[in-house]
Amino acid sequence: MTDDHATDAATDAFVAHRNLLFTVAYEMLGSAADAEDVLQETWLRWVGVDLDQVKDPRAYLVRIATRQALNRLRTMSRRKESYVGPWLPEPLLTAPDVAEDAVLAESMSMALMLVLETLSPTERAVFVLREAFDVSYEEIAAAVGKSPAAVRQIAYRARRHVDARRPREAVSASESRAVVESFRRALDTGDLQGLLDVLAPEVVLIGDGGGVKQAAPRPIVGASKVARYIVGGSGKVKSTVTITTELTIVNGAPALLLRLDGEIDGVMAARVEGGRITGLYYVRNPAKLTRVDSETPLSLG
């Protein structure tokens, strides 16, 4: 194969699997910016590979991306230690069809990604590759540098850990949308009782301002406290400022995009269970709001 043909073949394979590689990296890292860096690092390594020796380009590319994401995940854990306030994943505006794909929507959800934060880097990589992308134990073993038997044990341990913390029931996209819409109406009108009606008694609100924007310094627990925090926060905005809310799809689930005088101020994603909101994830850090005005293409295949 000539150099030009080899480059063309490498480019074609990379482009064909780019959305998959981004999705793998993002689910491992919770950061679109870092996921893009992983793609760049993956490409630089991929163009140096002898394609004549590659039987399965998809598996090979996933292996490279996983290794790069693992390296970055270990670096990110040190960054998060000095992060101001609670840390939330970077929200992504996603196409409506992502919400209809139950596996992809759950694997991308803010709630599950927060649970993944409690896993070790290797556990997270194994869980993501196995549960979301159905990668074989042998391929995962090659990616993380463990034996297939060890990977099976890690996968079992990680699944038990996640299952104990993930939502107990699957909720349809339409049900989630209806609940978030009710929440939006109550928020827009400052209806405290309306908020209490849609918030579960044990609801938890987590805010991420990154030390740049004001946000709750620690999680707020309980419907009454959360409702009063939300109504009180909107009441602090100057009367000359126009607050608008917009129903959108973030990480495969209905969410609210909040604007002040037309400028994006934050994203509020919700975890819905039993017809009520059990989790609110409010991202205001401007550095994490660059992916909410245009859709990010994602793929499990």
Side-chain angles (χ1 to χ4, degrees), residues 1-73 92 94-95 97-109 112-113 116 119 121-152 154-155 158-159 162 251-252 291 295-301:
M1 189 181 293
T2 66
D3 288 347
D4 286 346
H5 284 154
T7 301
D8 289 344
T11 301
D12 290 345
F14 185 83
V15 170
H17 298 295
R18 186 190 188 286
N19 293 347
L20 166 67
L21 299 175
F22 177 87
T23 309
V24 168
Y26 174 75
E27 290 195 18
M28 283 184 60
L29 301 171
S31 163
D34 285 283
E36 291 288 0
D37 287 343
V38 164
L39 285 191
Q40 182 66 20
E41 292 159 0
T42 300
W43 166 250
L44 292 174
R45 282 158 178 76
W46 174 242
V47 291
V49 172
D50 181 358
L51 296 189
D52 290 333
Q53 305 300 315
V54 176
K55 295 180 181 178
D56 185 345
R58 175 186 182 274
Y60 202 102
L61 281 163
V62 168
R63 187 187 311 169
I64 298 174
T66 298
R67 287 175 178 169
Q68 300 311 309
L70 269 173
N71 292 339
R72 191 160 288 263
L73 193 56
L92 304 180
T94 48
D97 62 347
V98 172
E100 303 300 332
D101 184 329
V103 175
L104 180 54
E106 196 213 4
S107 70
M108 295 291 299
S109 73
L112 183 65
M113 293 192 75
L116 297 185
L119 297 173
T122 301
E123 286 174 337
R124 184 165 183 168
V126 170
F127 181 87
V128 166
L129 292 175
R130 184 63 188 166
E131 297 296 317
F133 300 94
D134 198 28
V135 176
S136 71
Y137 291 114
E138 288 72 21
E139 287 181 29
I140 297 173
V144 301
K146 303 282 185 181
S147 70
V151 165
R152 285 178 184 274
I154 294 169
R159 192 181 306 116
V162 172
N251 288 53
R291 294 285 188 130
E295 291 178 2
T296 296
L298 304 165
S299 174
L300 291 181

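Side chains are part of it too, since the values below use all heavy atoms of this structure and drop only hydrogens, waters and symmetry mates.
When all heavy atoms are compared, the tightest approach of Leu298 to Asn19 is C-CB, 4.3 Å. Taking both residues in full, the closest heavy atoms of Ala25 and Val38 are given as CB-CG1, 3.9 Å, listed atom of the first, atom of the second, then distance. In terms of heavy-atom proximity, Val98 sits nearest to Ala105 at O-CB, 3.5 Å. Contact between Gly30 and Met113 at its shortest, heavy atoms only, is CA-CE, 3.5 Å. Ala69 and Leu29 make their closest contact through O-CD2, 3.5 Å (heavy atoms, listed as atom of the first residue, atom of the second, distance). Closest heavy-atom contact between Leu70 and Pro121: CD2-O, 3.4 Å.
Remark: Arg18 engages Glu36 in a side-chain hydrogen bond (donor to acceptor under 3.5 Å, both in side chains) (not counting sequence neighbours). Here Glu106 pairs with Arg166 under the salt bridge (charged side-chain N to carboxylate O under 4.0 Å, His left out) rule; sequence neighbours left out. For Ala150, the side-chain contact (heavy atoms from CB on, under 4.5 Å) partners are Lys146, Ser147, not counting sequence neighbours. With sequence neighbours left out, the salt bridge (charged side-chain N to carboxylate O under 4.0 Å, His left out) criterion links Asp97 to no other residue. Residues meeting the side-chain hydrogen bond (donor to acceptor under 3.5 Å, both in side chains) test with Thr122, sequence neighbours left out: none. Scored by the ring pair (Phe, Tyr, Trp, His ring centres under 6.0 Å) test, Phe22 finds no partners at all (sequence neighbours excluded). Under the rule for a side-chain hydrogen bond (donor to acceptor under 3.5 Å, both in side chains), Gln68 has no partner lying at least two apart in sequence or in another chain. The side-chain contact (heavy atoms from CB on, under 4.5 Å) check on Val103 picks up Asp101, Leu300, with sequence neighbours excluded.
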ask   = Would Leu119 and Val162 satisfy side-chain contact (heavy atoms from CB on, under 4.5 Å), going step by step from the backbone distance to the final call?
value = CA-CA 9 Å; Leu119 297 173; Val162 172; 4.1 Å; yes
request  = Begin from the C-alpha positions of Tyr60 and Leu51 and carry the test side-chain contact (heavy atoms from CB on, under 4.5 Å) through to its verdict.
outcome  = CA-CA 10 Å; Tyr60 202 102; Leu51 296 189; over 6 Å; no
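Put simply, CG on Leu73 and OG1 on Thr66 are 11.0 Å apart, with the number rounded to the nearest 0.5 Å. Here the OG1 atom belonging to Thr42 is positioned 13.0 Å from the NE2 atom belonging to His17, to the nearest 0.5 angstrom.
Screening residues 38-47 for salt bridge (charged side-chain N to carboxylate O under 4.0 Å, His left out) gives Glu41-Arg72 as the qualifying pairs, with residues at least two apart or on separate chains. Sorted by first and then second residue, the salt bridge (charged side-chain N to carboxylate O under 4.0 Å, His left out) pairs involving residues 53-67 (not counting sequence neighbours) form an empty list.
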Using distance only, find each side-chain donor-acceptor pair of residues 124-139 under 3.5 Å and give its atom names and separation, not counting sequence neighbours.
from, atom 1, to, atom 2, distance (Å)
Arg124, NE, Glu27, O, 3.1
Arg124, NE, Met28, O, 2.9
Arg124, NH1, Glu117, OE2, 2.6
Arg124, NH2, Glu27, O, 3.0
Arg130, NH1, Val135, O, 3.0
Glu131, OE2, Arg159, NE, 2.7
Glu131, OE2, Arg159, NH2, 3.2
Ser136, OG, Glu139, N, 3.1

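Of the possible donor and acceptor atoms, none in the side chain of Trp46 sits under 3.5 Å from a partner among the backbone N and O of Leu61.
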